[in-house]
There are 2 protein chains.
Amino acid sequence: MNIKEASEKTGVSSAAIRYYEKESLIPAIDRTPVGNRDIDDRIIRRIRFVTQMRAAGMSIENLRRYIELFDAQEDNTKEQKALLQEQLAVMEEKRDDLQAAIDHLNYKLKHFYDHMEATEEELRQLEKEHANRTAQKDETPEGF
Amino acid sequence: MNIKEASEKTGVSSAAIRYYEKESLIPAIDRTPVGNRDIDDRIIRRIRFVTQMRAAGMSIENLRRYIELFDAQEDNTKEQKALLQEQLAVMEEKRDDLQAAIDHLNYKLKHFYDHMEATEEELRQLEKEHANRTAQKDETPEGF
DNA sequence: GCTTGCCTTGAAGTGTACATGAAGGTTTAA
DNA sequence: TTAAACCTTCATGTACACTTCAAGGCAAGC
């Protein structure tokens with residue numbers, strides 16, 4: 001398959017595929033007699049792996065480090081494991097930060113919702129907010 | 001508090017705080033008589049809000065859109081809700097992508113682990129992998 | 001034989017989110 | 001009073017991850 005088809009199949013632009021090859025995130029791609037890239041399913045899978053890890057926030061640099069180890073023939077199992085675990089820790093922290101932010105936004109949404117539904121409770125609400133304002137220390141007032 | 005203290009308190013560089021102010025991600029900061037920024041807890045909270053949303057992947061641009069709506073005096077509740085929900089969807093998708101990548105890496109780690117522990121099972125392992133190789137269609141072989 | 005549409009390479013350009021540097025003002029401590 | 005340790009603005013620089021451009025090759029169809 002040519003690069004355009006591979007691009008359509010993976011959702012990664014032709015230019016990005018060339019870039020990934022140049023940066024060794026994917027193996028050197030076979031060429032047709034005239035020099036065009038001839039992309040097979042092995043490459044497609046590796047493009048998808050790159051896409052997934054990129055989406056998860058792994059940098060090009062770290063990806064290359066990992067893939068270099070993986071492609072080397074020596075037994076790098078320990079280094080690979082260490083690298084994976086390192087990356088895993090980064091990603092889990094990211095996920096947790098993300099979850100915290102999601103929780104924050106959900107809380108705010110609920111708050112908005114209350115506000116919109118509770119017209120008849122407005123005074124009570126205002127009173128509560130005033131009580132909060134006078135009592136609060138570090139509890140994210142004014143919605144932030 | 002001056003900008004350096006605020007920077008230490010939030011972990012955001014002085015330059016970044018100035019940048020956030022210029023980009024209206026945080027309100028205009030009060031100045032001392034000589035023109036230095038005088039940062040109070042309200043600003044600190046808003047810097048932290050920015051930090052959290054940035055860590056969650058919200059762009060400067062989207063953050064500004066949201067904050068503009070929030071700071072405007074008209075009733076933007078609906079737009080705010082919509083914007084929050086939009087962002088929430090983006091973040092949940094990110095979280096899920098991240099989780100998928102974490103699962104992928106965990107799987108690989110387990111695989112490495114098996115490989116290291118299971119020297120006596122090597123042949124069985126190889127046989128299994130061969131069976132996989134002949135049967136697989138799109139299941140990420142060769143570790144990717 | 002010329003247009004269309006794919007491909008190639010290498011170099012240069014783009015957008016985001018800051019970081020850094022220059023040039024200078026003010027306060028504090030020795 | 002002079003040095004340090006802050007601060008200011010404005011301009012330029014940097015890193016990352018591509019994207020776009022320029023110049024050209026090859027193959028098919030009209």
Side-chain angles (χ1 to χ4, degrees), chain A residues 1-26 28-40 43-44 46-68 87 90-91 94 97 101, chain B residues 1-40 43-44 46-67 87 90-91 94 97 101:
Chain A
M1 125 189 37
N2 67 22
I3 200 168
K4 204 192 179 205
E5 289 164 334
S7 165
E8 280 157 7
K9 204 164 177 180
T10 59
V12 175
S13 75
S14 300
I17 293 175
R18 292 193 196 100
Y19 172 72
Y20 288 166
E21 187 190 13
K22 210 173 80 184
E23 296 296 319
S24 304
L25 299 189
I26 57 179
I29 300 172
D30 290 343
R31 303 309 173 104
T32 65
V34 296
N36 291 5
R37 286 172 182 79
D38 185 15
I39 295 173
D40 60 19
I43 303 290
I44 295 289
R46 296 196 51 163
I47 292 169
R48 290 197 170 131
F49 175 74
V50 169
T51 307
Q52 186 175 23
M53 293 302 139
R54 292 284 307 117
M58 195 185 231
S59 69
I60 297 286
E61 180 57 27
N62 271 351
L63 252 174
R64 197 185 26 228
R65 281 208 298 149
Y66 170 69
I67 287 167
E68 254 166 40
Q87 182 60 28
V90 170
M91 282 161 61
K94 262 193 192 187
D97 286 354
Chain B
M1 117 190 43
N2 67 22
I3 199 169
K4 203 192 179 206
E5 288 163 333
S7 165
E8 281 157 7
K9 204 163 177 181
T10 59
V12 175
S13 73
S14 301
I17 292 174
R18 290 192 197 99
Y19 173 72
Y20 289 166
E21 188 190 12
K22 209 174 81 186
E23 296 297 318
S24 305
L25 300 189
I26 57 180
I29 300 172
D30 290 344
R31 304 308 173 106
T32 64
V34 297
N36 290 3
R37 286 172 180 81
D38 185 15
I39 295 172
D40 59 19
I43 303 292
I44 294 290
R46 296 197 51 163
I47 291 170
R48 290 196 171 131
F49 176 73
V50 170
T51 307
Q52 187 176 19
M53 293 303 138
R54 293 282 308 116
M58 196 185 233
S59 69
I60 298 285
E61 179 59 26
N62 269 352
L63 252 173
R64 198 186 25 230
R65 281 207 300 149
Y66 170 69
I67 287 168
Q87 182 60 28
V90 169
M91 281 160 60
K94 261 193 192 185
D97 287 354

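Sequence lines set the chain letters: A, B, ... in the order given, protein chains first and strands last, and positions in each chain run from 1. Since this is a predicted model, take the numbers as computed values, not measurements.
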Does the pair Arg18(B) and Glu21(B) meet the rule for a salt bridge (Lys or Arg N to Asp or Glu O under 4.0 Å), with working shown? CA-CA 5 Å; Arg18(B) 290 192 197 99; Glu21(B) 188 190 12; over 6 Å; no

Please check the phosphate of [N] (OP1 and OP2 only) for any side-chain N or O of [X] closer than 4.0 Å.
{"X": "Arg31(A)", "N": "dT9(C)", "value": "yes"}
{"X": "Asn2(B)", "N": "dC7(D)", "value": "yes"}
{"X": "Arg37(A)", "N": "dT8(C)", "value": "yes"}

Quick test of your reading of the model: are Lys4(B) and Glu8(B) salt-bridged, counting only N-O distances below 4.0 Å? yes

Output yes when Glu68(A) and Arg65(A) qualify as a salt bridge under the 4.0 Å nitrogen-oxygen rule, no when they do not. no

Of the listed dA27(D), dC7(C), dT27(C), the closest approach to the Val34(B) side chain comes from dT27(C)

Distance-only, no hydrogens or angles: does the Ser7(B) side chain make a donor-acceptor pair with backbone N or O of Ile3(B) under 3.5 Å? no

Looking at side-chain heavy atoms only, is the closest gap between Met1(A) and Ile44(A) below 4.5 Å? yes

Nearest whole angstrom, please: distance from the [atom2] of [N] to the [atom1] of [X].
{"X": "Met1(A)", "N": "dC6(C)", "atom1": "CE", "atom2": "P", "value": "16 Å"}
{"X": "Glu21(A)", "N": "dA17(D)", "atom1": "CD", "atom2": "P", "value": "18 Å"}
{"X": "Ile26(A)", "N": "dC18(D)", "atom1": "CD1", "atom2": "C1'", "value": "14 Å"}

Go along nucleotides 11-22 of chain C 5' to 3' and tag each nucleotide: B for a protein heavy atom under 4.0 Å from its base, S when only backbone or sugar atoms are that close, - otherwise. ------BBSB--

